[in-house]
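Below, read A as the first sequence line, B as the second, and so on, with proteins coming before strands; counting in each chain starts at 1. FYI, side chains are in, hydrogens and waters are out, and symmetry mates aren't considered; it's all heavy atoms of this structure.
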Amino acid sequence: MSETQVRVRFAPSPTGMLHIGGARTALYNWLYARHMGGTFVLRVEDTDEARNTPEAREAIFSGLRWLGLDWDEGPDKGGDFGPYFQSERKDIYAQYLKKLEDAGLAYEDEGAVRFRVPDKPITVDDVVCGSQTVNLAEQGSRKWDPEQKKEVEANPDLVIRRPDGTYIFHFANVVDDLTMGITHVIRGEDHLSNTPKHMALFEAFGATPPRFVHIPLNLNADGSKMSKRDQGAAVAEYMNGGFLPQAVCNYIALLGWSSKDDQEIFTMAELKERFTLEGVNRSNSRFDFSKCVWMNAEHLRRLTPGGFAELAIPYVEKAGIQAESEERLHDALALVQERTQLLTEVPEKIGYIFSDDYPKDEAALSKAAGRDGVKEAVTAMRDFLAKLEDAWTGEAIHDAIFEAASSLGLKPGALMFPCRAATTGQASGAELMPVLELMGQKRVLQRLDAFLATL
RNA sequence: GACCCGUUCGUCUAGUGGUUAGGACACCGCCCUUUCACGGCGGUAACACGGGUUCGAGUCCCGUACGGGUCGCCA
């Protein structure tokens with residue numbers, strides 16, 4: 001097996017936060033590399049010095065790390081094909097520019113340098129989109145002027161270096177892919193129409209181009225182009241919004257790729273194992289935030305209780321919730337794990353157990369207060385619970401409530417809603433008996449009394 | 001405007017000439033349950049349109065419409 005090793009890359013430009021679309025492109029590259037036992041390269045395309053910021057660079061790195069997309073070569077990691085910042089590769093670009101000049105394929109134009117585009121059909125055979133043929137010289141001889149709303153004469157030859165000596169994306173990109181030995185260029189479909197230019201450049205260097213794999217774009221729920229301000233656009237939103245990275249990867253993997261069977265929940269390991277280029281779609285998809293949230297809940301449920309607690313505790317601490325003991329906190333978290341969609345919901349779901357400062361749903365309280373015989377029912381419940389003294393266990397609480405109900409000739413169910421509303425301030429929540437047990441007798445009686453006082 | 005890509009339930013998708021067009025999210029109903037959730041069962045809901053080819057078309061071809069992309073000394 002001397003198949004050429006797969007080498008793919010993610011090449012972000014550090015001009016803003018990591019976008020979910022960029023994250024998906026990175027994910028597909030990473031998955032393909034891992035699936036094929038290849039190499040995933042991270043290259044930072046920072047040729048536009050005016051727009052680059054260190055914050056943006058860090059945001060991209062941290063976003064990728066959070067998602068679990070580790071790179072084999074790249075900035076801060078090194079590798080045999082560095083440097084991995086385009087800003088540090090100027091000598092290489094100069095060298096490749098010279099090759100073009102020596103071959104008579106580059107010329108100066110008002111201080112810039114242009115690449116002489118070939119006047120012949122170029123065929124791109126895209127792995128996803130199929131093949132298409134264009135003639136760059138012909139097509140580029142006219143361009144659309146959005147102001148005049150008409151086509152005007154144009155120089156089809158590509159500018160590859162600006163008068164200030166910096167290089168244009170198309171050129172740097174191709175030289176890097178060539179010198180870094182990239183075998184598959186997996187990128188957004190917005191680059192499909194640029195690909196013939198890139199092919200022409202590869203050819204000018206006498207090189208075999210990599211395989212091109214253009215993946216469909218992700219749009220907003222309404223079909224518009226996703227931009228920075230849209231819900232779900234920034235990876236940071238997920239990092240801070242109670243999402244699990246594996247859930248986000250799972251969701252975005254499915255936006256444009258399918259395993260071809262009915263499985264929807266995948267671990268990262270399964271994704272690596274199952275991901276193939278053949279499974280990539282041709283059509284754009286819309287981002288469905290609610291399905292993403294659902295998927296997060298699915299991954300949350302699959303966590304061990306300990307794993308869930310570990311991830312939830314930072315949110316609990318941040319909300320200032322103090323549990324009497326770690327054990328009790330773990331017990332409380334175990335109660336809410338299966339009903340949590342986002343980790344950010346955890347504090348509000350357990351807050352009333354440990355603190356008297358918790359939100360109250362007035363509608364639920366007045367609904368409970370308005371029930372027939374509620375006063376007698378809650379009073380009876382209160383008295384039976386008060387008798388428990390030291391025997392404050394789930395079982396004893398259960399028995400006390402059932403006894404209270406039968407003493408009034410009621411079904412236990414009739415007591416549950418008023419009890420929940422009175423003690424938690426909510427209409428719904430985790431299983432009530434264990435909640436009462438964790439809350440402690442004192443707190444439960446206090447709240448029942450406070451509720452009775454309002455009747 | 002030119003060129004390129006695309007179009008199956010509201011959304012994500014399966015489907016590669018013969019299917020009651022399948023699954024998932026969302027939504028609705030029922031069941032389970034002390035409530036909610038989970039789970040289970042069921043329901044509403046799709047082949048953009050028009051022509052071909054074919055015994056037969058969601059699947060192949062052409063056109064139209066719609067959506068997206070490219071046409072930068074941005075990436």
Next on the checklist: Roughly how many Å apart are B:U16 and B:U59, using the P atom of each and rounding to a whole number?
Outcome noted: 13 Å
Item to check | Any residue meeting side chain to side chain contact (heavy atoms under 4.5 Å, CB included) with A:S428, in chain and number order, not counting sequence neighbours | outcome: none
Checklist entry - So what does A:G111 touch, heavy atoms closer than 4.0 Å: a base, only the sugar-phosphate, or nothing? => result nothing
Item to check | Euclidean distance for P, B:C9 against B:C47 (whole angstrom) | outcome: 7 Å
Checklist entry - Whole Å only: how far is the CD atom of A:E153 from the C1' atom of B:A2? => result 14 Å
Checklist entry - Without hydrogens or angle criteria, can the side chains of A:Y352 and A:Q426 be said to hold a donor-acceptor pair below 3.5 Å? => result no
Checklist outcome for this item: 5'-most contact on RNA chain B (nearest-nucleotide basis), A:V128 vs A:T340, goes to A:V128
Next on the checklist: Quick check: closest heavy atoms across A:V113 and A:A106, and the distance to 0.1 Å?
Outcome noted: CG1-CB, 4.0 Å
Checklist entry - NA contact type, A:R301, heavy-atom cut-off 4.0 Å: base, sugar-phosphate, or nothing? => result sugar-phosphate
Item to check | Watson-Crick or G-U counterpart of B:C71, or none if no pair lies under 3.5 Å | outcome: B:G1
Next on the checklist: Looking at every non-hydrogen atom in both residues, tell me the closest pair between A:A200 and A:L136 and how far apart they are.
Outcome noted: CB-CD1, 4.0 Å
Checklist outcome for this item: Here the pair of heavy atoms bringing A:R382 nearest to A:L448 is CA-CD1, 4.0 Å
Item to check | Nearest-angstrom distance, P atom, B:U20 to B:U11 | outcome: 26 Å
Checklist entry - What integer distance in Å separates A:N135:CG from B:A2:P? => result 18 Å
Checklist entry - When every nucleotide of nucleotides 58-71 of chain B is labelled 5' to 3' by its protein contacts under 4.0 Å (heavy atoms), B for base, S for sugar-phosphate only, - for none, what sequence of letters results? => result ----------SBSB
Next on the checklist: Can you see if the side chain of A:K260 gets near the phosphate of B:A14 - specifically, an N or O under 4.0 Å from OP1 or OP2?
Outcome noted: yes
Checklist entry - So, do A:F205 and A:Y96 have ring centers that fall under 6.0 Å from each other? => result yes
Checklist entry - Please give, in whole Å, the distance from B:C12 C1' to A:L254 CG? => result 7 Å
Checklist entry - C1' atom, B:C32 versus B:G42: distance in rounded Å? => result 15 Å
Checklist outcome for this item: A:L255 CG to B:A14 P, in whole Å, measures 12 Å
Next on the checklist: Need one value for A:R420: base, sugar-phosphate or nothing, where a base atom within 4.0 Å counts as base even if backbone is also close, heavy atoms only.
Outcome noted: base
Checklist entry - Say you pick atom C1' in B:G10 and the same atom in B:A48; how far apart are they, in whole Å? => result 15 Å
Checklist entry - How would you label the contact of A:Q263 with the nucleic acid (heavy atoms, under 4.0 Å): base, sugar-phosphate, or nothing? => result nothing
Item to check | Any A:N155 side-chain N or O less than 4.0 Å from OP1/OP2 of B:C73 | outcome: no
Checklist entry - B:G6 phosphate, OP1 or OP2: any side-chain N/O from A:N281 under 4.0 angstrom? => result no
Checklist entry - For A:T47, which contact category applies under a 4.0 Å heavy-atom criterion: base, sugar-phosphate, or nothing? => result sugar-phosphate
Item to check | Euclidean distance for C1', B:A14 against B:U19 (whole angstrom) | outcome: 12 Å
Checklist entry - Taking everything shown except A:E431 itself, do over 12 heavy atoms lie less than 6.0 Å from its CD? => result no
Item to check | For B:U54, the Watson-Crick or wobble counterpart (both distances under 3.5 Å) | outcome: none
Item to check | Opposite nucleotide pairing with B:G29, Watson-Crick or G-U, both atom distances under 3.5 Å | outcome: B:C41
Next on the checklist: In whole Å, measure the gap between the C1' atoms of B:C28 and B:C4 for me.
Outcome noted: 43 Å
Checklist entry - Starting at the 5' end of RNA chain B, which residue's closest nucleotide do you reach first, A:F287 or A:S258? => result A:F287
Checklist entry - Heavy atoms under 4.0 Å, any strand shown: does A:Q426 hit a base, just sugar-phosphate, or nothing? => result nothing
Checklist entry - For atom C1', what is the distance between B:U8 and B:A24, given to the nearest Å? => result 15 Å
Checklist entry - So, is the end of the A:K367 side chain (NZ or CZ) under 6.0 Å from the ring centre of A:F417 and within 45° of the ring's axis? => result yes
Checklist entry - Taking the six-membered ring where the residue is Trp, are the ring centres of A:H198 and A:H170 under 6.0 Å apart? => result yes
Next on the checklist: Within the 4.0 Å heavy-atom criterion, would you say A:E45 contacts the bases, only the backbone, or no part of the nucleic acid?
Outcome noted: sugar-phosphate
Checklist entry - Under a 3.5 Å cut-off for both distances, is B:G63 Watson-Crick or wobble paired, and to whom? => result B:C49
